[in-house]
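Take a look at the structure set out below.
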Amino acid sequence: MEGSRFGKEPFDWHDQRFATQERIMALQFGQVDRRLERIESLIEGLEKRLWMTVYGVVAVILTQAVQSILQFGPKGG
């Protein structure tokens with residue numbers, strides 16, 4: 001019975017299903033990885049903007065402190 005279709009077909013079907021699931025999972029993990037990379041780059045951009053804001057606020061505070069020291073400091077003359 002060389003032509004019997006029941007000899008190996010169920011195993012081939014399971015192997016094909018397993019391979020298909022592996023390919024689908026690989027595609028899904030690839031998409032998740034790309035999304036995570038995009039989120040990480042967005043977070044890095046937000047972090048840079050946050051630090052620039054912090055440095056700006058500190059610069060304003062220091063400028064005002066220096067101005068007040070110069071304005072109310074000892075006057076020569």
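- For the atom pair CG of Leu50 and CD1 of Ile43, the computed distance is 12.5 Å after rounding to the nearest 0.5 Å.
- Between Val66 and the options Leu70, Thr63, Ile69, a side-chain contact (heavy atoms from CB on, under 4.5 Å) holds for only Leu70.
- Pairs passing the side-chain hydrogen bond (donor to acceptor under 3.5 Å, both in side chains) check and including a residue from residues 22-42, sequence neighbours excluded, read Thr20-Arg23.
- In this structure, Leu46 CG and Ile39 CD1 are separated by 11.5 Å, a value rounded to the nearest 0.5 Å.
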